[in-house]
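Hydrogens, waters and symmetry mates are skipped; everything else that's a heavy atom, side chains included, is used. In the text below, chain A, chain B and the rest are named by the order of the sequence lines, each starting its count at 1.
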Number of protein chains: 2
Amino acid sequence: MSNLTILRTYALTNPSKLPPSVLFSHSPTSLTVYDAFPKSIFHFLILPRVQPPLVASDLSDLRKLLNGDKERAKEVIAALSEDAKTLRKEIEEEMLSRYGFKWGIWTGFHGAPSMDHLHLHVLSDDLCSDRMKNKKHYNSFHPKLGFFLDVDEVLSWFDAEPSYYSAMAKLDTKHYEAMLKTDLVCYRCNANMKNIPSLKAHLQEEWDVETRREKAKMERRREMEEKDSTKVTE
Amino acid sequence: MSNLTILRTYALTNPSKLPPSVLFSHSPTSLTVYDAFPKSIFHFLILPRVQPPLVASDLSDLRKLLNGDKERAKEVIAALSEDAKTLRKEIEEEMLSRYGFKWGIWTGFHGAPSMDHLHLHVLSDDLCSDRMKNKKHYNSFHPKLGFFLDVDEVLSWFDAEPSYYSAMAKLDTKHYEAMLKTDLVCYRCNANMKNIPSLKAHLQEEWDVETRREKAKMERRREMEEKDSTKVTE
DNA sequence: TATTCCGATAGTGAC
DNA sequence: GTCACTATCGGAATGAG
């Protein structure tokens, strides 16, 4: 199976046949798989299952879906969004149990995906991962650049002017691809980064800062609680 | 000492002070040094010594020299050319003693050198060397490309129309640098080479062919001589 | 924008 | 066009049977 069509294969497979190393969970309308090359500590893909009257080619990518039956498209994306909400809750539980605190989670599509079959990215906002290796990787998740399309924003297109919907649904590949070549800018502090190694060091530092801040919060909370319990027992 | 001015330092140093790993030989007007990064089996540089009335800056590069006193320039280059003749004889002796046969030797300047102090390249035409690493290296010695200026051709400029001399003496850096970016073409068979690894393999093969041809010649000669000597002793 | 491999290309720093 | 180092950029193959 080619790398480029693996997601379609997953989406067409009975979930019970998928190994646990691939499949995280599933619903009647979607499968949630681990991203094979996670770009953050947590990184999943939610794939719509192929169900009548849709066929696999209707779901090849976001542009195809949006330029088909509009109501059907809205249903598909709304269902993915619902499953993403559930997934985010599960990720947050895992954040708490593994790290003691929660942090941001992004949910969105890529404006110009290269793998076949629609996939909704759900990933934590640390962007700390060995698999983050080049500018395209980073820019494709930068939340302010335009390439990463938040699922709620995409859903809002359905309720906007039809002309706006049509304009957004074009999803011109050249236009989106150009975004990936722009300079590296930290999505947190807007600092310009010279290259990938310095960006990664910076992202790690930003993440370390967030970790320390959260640990300190936890410590203060613990002290407060201790003081309170002391008062009670006095 | 900077890499970029090392040759000037050599040219200003008493030859007896230069280590034998650097200096091959010297004459009243020049020093011959081993190229520190040889691009062929044999690769030397002949450097003009700085002698009154010239100062080091007059000899910084070919363009500077040609655009100064024309007669003086001709003397300097003619002297380098004479020393190159001697050097080629010595290289050919070494070819015979080490390889049993002689092969081509090129003698010329680079149209746009980056190291300070005029240097005449004298190198065998095999172009087989680990130090040949990129397109600039190769194109800078390609005998038909224009970047490598045979010393006899440069000498011919002095006897041409003054307007031709002036035109040639300009040695526009941009013009010459552009030549280095052109496609890789085998100087022997004009075959286009896709990249450096394939060019190097091809040059090695061309050299192996030449070696086999010369070995066969030597063998035939030996057989002839044996037959002759047999005749004599019969 | 799937990765990985190979190679070309570009900028820097050397002293 | 000095080298060596680092990093980016650019194309091609990729699997399965």
Which residues, if any, of residues 196-208 of chain B bring a heavy atom under 4.0 Å of DNA chain C?
I196(B), P197(B)
Tell me whether N67(A) contacts the main-chain N or O of A169(A) through its side chain, where contact means a donor paired with an acceptor under 3.5 Å.
yes
Which label fits F24(A) and F44(A): parallel for a plane angle under 30°, tilted from 30 to 60°, or perpendicular past 60°?
tilted
Sorted by position of nearest nucleotide on DNA chain C, 5' first, the leading residue of N139(A) and L184(B) is N139(A)
Counting only side-chain nitrogens and oxygens, does K133(B) get under 4.0 Å of the OP1 or OP2 atom of dA8(C)?
no
Contact under 4.0 Å: K135(A) side-chain N or O vs dC9(D) OP1/OP2
yes
Has the side chain of N3(A) got a donor or acceptor that lies under 3.5 Å from a partner of the other kind on the base of dT3(C)?
no
To the nearest Å, give me how far apart NZ (K181(B)) and C1' (dA8(C)) are.
13 Å
According to a strict under-4.0 Å criterion, is K194(A) in side-chain N/O contact with OP1 or OP2 of dA10(C)?
no
Hey, are T29(B) and D83(B) close enough side-chain-wise for a donor-acceptor pair under 3.5 Å?
yes
Dot-bracket assigned to DNA chain C with the 3.5 Å Watson-Crick/G-U criterion, [ ] for crossing and | for other-strand pairs, is .|||||||||||||.
Euclidean distance for P, dT4(C) against dG17(D) (whole angstrom):
22 Å
Please list residues of residues 9-18 of chain A whose heavy atoms come under 4.0 Å from any atom in DNA chain D, ordered by number; otherwise none.
none
Salt-bridge criterion met for E82(A) and K85(A) (N-O under 4.0 Å)
yes
Parallel, tilted or perpendicular: which one describes the rings of Y187(B) and W106(B), with boundaries at 30° and 60°?
perpendicular
Closest approach to the side chain of L4(B), judged atom by atom: which nucleotide of dA4(D), dA8(C), dA14(C) is it?
dA14(C)
